[in-house]
Amino acid sequence: MALRKTKVPMPEQPPEERIRNFREVALGLTPELAQEEAERCLQCKNPACEQGCPVNVRIKEFIGKLRGGDLEGAYRSIWSTNILPSICGRVCPQEEQCEKYCLMGKKNEPVAIGRLERYLGDWAREQGLTLAEKAPPNGKKVAVVGSGPAGLTCASDLAQKGYDVTIFEALHVPGGVLMYGIPEFRLPKAVVQAEIDGLRRLGVEIRTDVVVGKTLTVDDLFADGYRAVFLGTGAGLPNFLGIPGENLCGVYSANEFLTRINLMKGYLFPEYDTPVKCGRRVAVVGAGNVAMDAARCALRLGPDKVYIVYRRTWDEMPARREEIHHAKEEGIEFHLLTAPIEILGDEQGWVRGMVCQRMELGEPDASGRRRPVPIPGSEYQLDVDTVIVAIGTTPNPLVARSTPGLQTTRWGGLIIDEETGMTTRPGVFAGGDSVTGAATVILAMGAGRRAAAGIDRYLSEGGKEG
Amino acid sequence: MVFRIRKKRVLTPVTVLFEVEAPLVCRHAQPGQFVIVRLGEKSERIPLTIMEARDGVLSIVIQAVGKSTRELIGLGEGDALADVVGPLGQPCPLRDSGTVAVVGGGFGVAPIIPIARALHDRGVHVIAINGARTAELLILEDELRAVSDRYLVSTNDGSKGVQGMVTDVLRQLIDQGEHLDEVIAIGPMVMMRAVAEVTRPHGIRTLVSLDPIMVDGTGMCGVCRVSVGGETRFACVDGPIFDAHQVDFDLAVRRGHMYDSEQKVALEHYEKCRCHGGGEA
Ligand SMILES: Cc1cc2nc3c(=O)[nH]c(=O)nc-3n(C[C@H](O)[C@H](O)[C@H](O)COP(=O)(O)OP(=O)(O)OC[C@H]3O[C@@H](n4cnc5c(N)ncnc54)[C@H](O)[C@@H]3O)c2cc1C
Ligand code: FES
């Protein structure tokens, strides 16, 4: 039988319907579709896809088991290196990772590895299947600061090794970016909370409403009997453009806009208390995942127009391909090779427009991408009343500032030993966006896992805080 | 964690003082810092300045303005808040000597008290000014008097103390030749701004506690940004206390009104739900 050249289409809510709700866009493969997609896998002798995965998921094995009908076995294969398959299957940039190396993808579309991963993760959740097992308690307390993917993974690994783990989270809900950043229509919050419930069943205590560096310091944690501390505090500090008009009413950081919507459920105002104000014409500056999420959230609040304004071109966009595709499908208008230079305000101090400048691509810069260069005299005014700035975030300095001995890079990233995850302060480990700056869920998970191993080794060797 | 309300004191028809169990918040709380509270599942995050944090019990004063604060003051002893997080922001910088006038307007008197106490304890000569529209709305008079060397009152209608504003009292003090090393004012934005204008020509260092709209309170969203000395600062991490003579009050006032229309909608929705007997869930 000839194999399909293209991925089995993912059932989705049609664009005209989904732009009026916050429900999930991609509905998930049915068992039949999952089988059909799994059949496309060539089961290569040397599966290149696995090298593309930052946590080396055993892709060939799980797809092989899936198509043999052994769903539980398939799920076990994934879970042995990735405890959050329902999440990663939905949000990983597969086109840059596993699927990029898929042999099938050389001539045709690669196997939809991410969708199969999600399928198995969802299947396991529906079955109520949990694989995590607790080792007998070893009586050692470890504190995990931050409950994003890095913290959750670190906590899970340590709990399974018998550690007494407490997670301290600044917000009122655990999950980090998975809860406050990534919208419901891309990652349902029930999926995230199910994973977190699993952690609680492992005996991990989650204490929300604790800002480490304010409520408690790292020194307090050691004084309170924690033998090691993991900092998975993310990169939550929003960058602004630094152009005139940025403090006008109607200018949001993407973090604010998304937090109002996702964490505080602003789209359900006034049933929920926190409002989110979105005008008729919205410009989102940037073209990463955060920008796509902000633009698509804005769209669902019913404005007339939503623009993405980006200084480079389609090829350089850091967002997942699927999200760019979805954004286009939903009618978001892209102004590429365009940079904002000023936001204009009306008498009451509200946004009434944004002055933009056209760019062209020049020589490659340090990142290897061609540098955008302004075209003189190309300024024009975009008629908008809301501007959302999504040009990146950096690590929040709260912990670094309040913890003696902790060294950071110039831009605030915590400095660690790559192998153990230990920071410059003995007994304090870190990983995820707090170390790398804004990156991905899977890299944060990998870092959490590496640090858990580092902590285990450190405490097994009788490590004391220095 | 259960944040139970131990004690409720009604200060005016629209202002209450709660004593809430919040041992962790109290561990490091210092004068000038604030907390963020949430009532329940669907509630917003409300920033409130700390009045006192002692023995695991946090005192906060709430004035009913919008829907959430109205709902909040309706709680009673034994009820619990869903969340209390803090202490947030920077402590108030405190002098070791000299004379400081602390000015509290409306419910801003509450957060002035711990600052006055700390200054007083350090041997600073503290002159307190407590102001309200009318005598019934003056709050925490005994508490403020107890931590100051001189205690002055103003009411707009003259029902108690000097007739006028807190700024009139402050101006009189200065005109009478009282040497002030510093003024710290907390209250409505218009009042803080007026205080700044009184002290500016005299070059008296003046601190105010800004209360912009906030969401997270940890530096994550930037909605609380204010302009101080021409630079954008996040009030929740860099403040809330800033040098009043450097603050762009126009901007602060405008940003403070950003959600006025939504606040009205929320209030109407709340009243309607209450009339129909629902809304609490
Ligand atoms: C809108 C958006 C969309 C994204 N989309 C994708 C995507 O599609 N695919 C992908 O792979 N990645 C995506 N990312 C990036 C990804 O979410 C992050 O790389 C990942 O979440 C980082 O994980 P983390 O655990 O390091 O930190 P976070 O998820 O940021 O979690 C950090 C947690 O620590 C808490 N915290 C911070 N400081 C303190 C403190 N002092 N005390 C206590 N708690 C603290 C925070 O409140 C937060 O809960 C997206 C990010 C955003 C913002
Ligand atoms: S309230 Fe969000 S950054 Fe200050």
Side-chain angles (χ1 to χ4, degrees), chain A residues 168-173 180-181 207-217 220 233-240 242 246-260 263-266 268-277 345 347-350 389 393 396-398 401-402, chain B residues 1 3 22 24-25 27-29 33 35-46 66-68 71 82-89 215-227 232 234 237 248 250-251 253-255 257-259 261-263 265-270 272-273 279:
Chain A
F168 296 93
E169 166 57 48
L171 293 172
H172 56 270
V173 178
Y180 77 73
R207 301 191 64 172
T208 51
D209 297 327
V210 179
V211 184
V212 171
K214 285 284 167 190
T215 313
L216 293 172
T217 61
D220 289 332
T233 45
L237 204 70
N239 294 336
F240 282 91
E246 233 171 350
N247 289 337
L248 289 164
C249 300
V251 181
Y252 286 99
S253 74
N255 265 7
E256 182 195 347
F257 192 72
L258 290 169
T259 300
R260 283 180 180 272
L263 184 71
M264 308 308 295
K265 304 248 182 297
L268 298 174
F269 176 85
E271 188 200 338
Y272 280 72
D273 286 348
T274 309
V276 56
K277 212 174 184 121
E347 263 114 68
Q348 278 78 47
W350 283 88
V389 181
T393 53
N396 192 320
L398 277 183
R401 269 190 206 152
S402 62
Chain B
M1 186 69 231
F3 303 99
L24 225 44
V25 175
R27 196 153 154 182
H28 293 296
Q33 292 187 295
V35 290
I36 283 192
V37 307
R38 230 168 52 97
L39 270 101
E41 186 47 38
K42 299 182 177 178
S43 309
E44 59 188 331
R45 295 170 63 94
I46 311 165
K67 182 245 172 180
S68 296
E71 209 177 348
D83 301 278
V84 179
V85 57
L88 301 171
V215 177
D216 58 298
T218 64
M220 190 184 91
C221 78
V223 66
C224 63
R225 57 200 191 275
V226 292
S227 176
T232 297
F234 288 5
V237 285
D248 180 343
D250 279 337
L251 180 73
V253 168
R254 277 202 307 267
R255 289 187 63 83
H257 288 300
M258 239 180 324
Y259 279 95
S261 56
E262 284 74 14
Q263 220 173 56
V265 171
L267 204 53
E268 281 161 15
H269 178 80
Y270 177 60
K272 201 167 75 199
C273 290

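Order of the sequence lines sets the chain letters (A, B, ...), proteins ahead of strands, with each chain counted from 1.
- In terms of non-hydrogen atom pairs under 4.5 Å with chain B, the most contact-rich of A:Thr208, A:Leu263, A:Val389, A:Val251 is A:Val251.
- Looking at B:Arg27, the atoms closer than 4.5 Å to chain A (heavy atoms on both sides) all sit in the side chain, from C-beta outward.
- Most heavy-atom pairs under 4.5 Å with chain A, from the set B:Gln33, B:Glu44, B:Met220: that is B:Met220.
- Contact of the B:Phe234 side chain with the A:Pro238 side chain is registered, since non-hydrogen atoms from C-beta on lie closer than 4.5 Å.
- Chosen from B:Val215, B:Leu24, B:Ile36, the residue pairing most often with chain A at heavy-atom distances under 4.5 Å is B:Leu24.
- When all heavy atoms are compared, the tightest approach of A:Val276 to B:Tyr259 is CA-OH, 4.0 Å.
- At a 4.5 Å heavy-atom cutoff, B:Ala29 makes no contact with chain A through either its backbone or its side chain.
- Annotation for A:Leu248 and B:Arg255: closest pair O-NH1, 3.4 Å, computed over non-hydrogen atoms.
- Considering every non-hydrogen atom in both B:Pro87 and A:Thr215, the closest pair reads CD-CA, 4.0 Å.
- Only the backbone of A:Gln348 has a heavy atom closer than 4.5 Å to any heavy atom of chain B.
- Shown here for A:Lys277 and B:Ser261, the closest heavy-atom pair between the two residues is NZ-OG, 3.3 Å.
- For the set B:Gly222, B:Gly219, B:Ala266, the count of heavy-atom pairs under 4.5 angstrom toward chain A peaks at B:Gly219.
- For the side chain to side chain contact (heavy atoms under 4.5 Å, CB included) with A:Val211, the qualifying choice from B:Val25, B:Leu88, B:Asp216 is B:Leu88, the only one to do so.
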* **Working for side chain to side chain contact (heavy atoms under 4.5 Å, CB included), residues A:Lys265 and B:Lys42** => CA-CA 8 Å; A:Lys265 304 248 182 297; B:Lys42 299 182 177 178; over 6 Å; no
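- For B:Arg225 against A:Asn247, the heavy-atom pair with the smallest separation is NE-OD1, 2.9 Å.
- Contact count versus chain B (heavy atoms, under 4.5 Å) is highest, among A:Val210, A:Leu268, A:Asp220, A:Thr393, for A:Asp220.
- Both the backbone and the side chain of A:Leu171 have a heavy atom closer than 4.5 Å to some heavy atom of chain B.
- Annotation: side chain of B:Val265 is in contact with side chain of A:Phe269 (closest heavy-atom distance under 4.5 Å).
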* Asked: How far apart are the C-alpha atoms of A:Lys214 and B:Val85, what are their side-chain angles, what is the distance that settles it, and do they pass the side chain to side chain contact (heavy atoms under 4.5 Å, CB included) test?
  -> CA-CA 10 Å; A:Lys214 285 284 167 190; B:Val85 57; over 6 Å; no
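- For A:Phe257, no part sits under 4.5 Å from any heavy atom of chain B, backbone or side chain.
- Atom CD of A:Glu347 and atom CZ of B:Arg254 lie 11.0 Å apart (nearest 0.5 Å).
- Across B:His28 and A:Leu216, no two heavy atoms sit closer than the pair CD2-CA, 4.3 Å.
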* **A:Asn396 vs B:Thr218, side-chain hydrogen bond (donor to acceptor under 3.5 Å, both in side chains): CA-CA, chis, key distance, verdict** => CA-CA 8 Å; A:Asn396 192 320; B:Thr218 64; 4.5 Å; no
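- Interface remark: of the candidates A:Glu246, A:Arg260, A:Arg207, A:Met264, A:Arg260 forms the most heavy-atom pairs closer than 4.5 Å to chain B.
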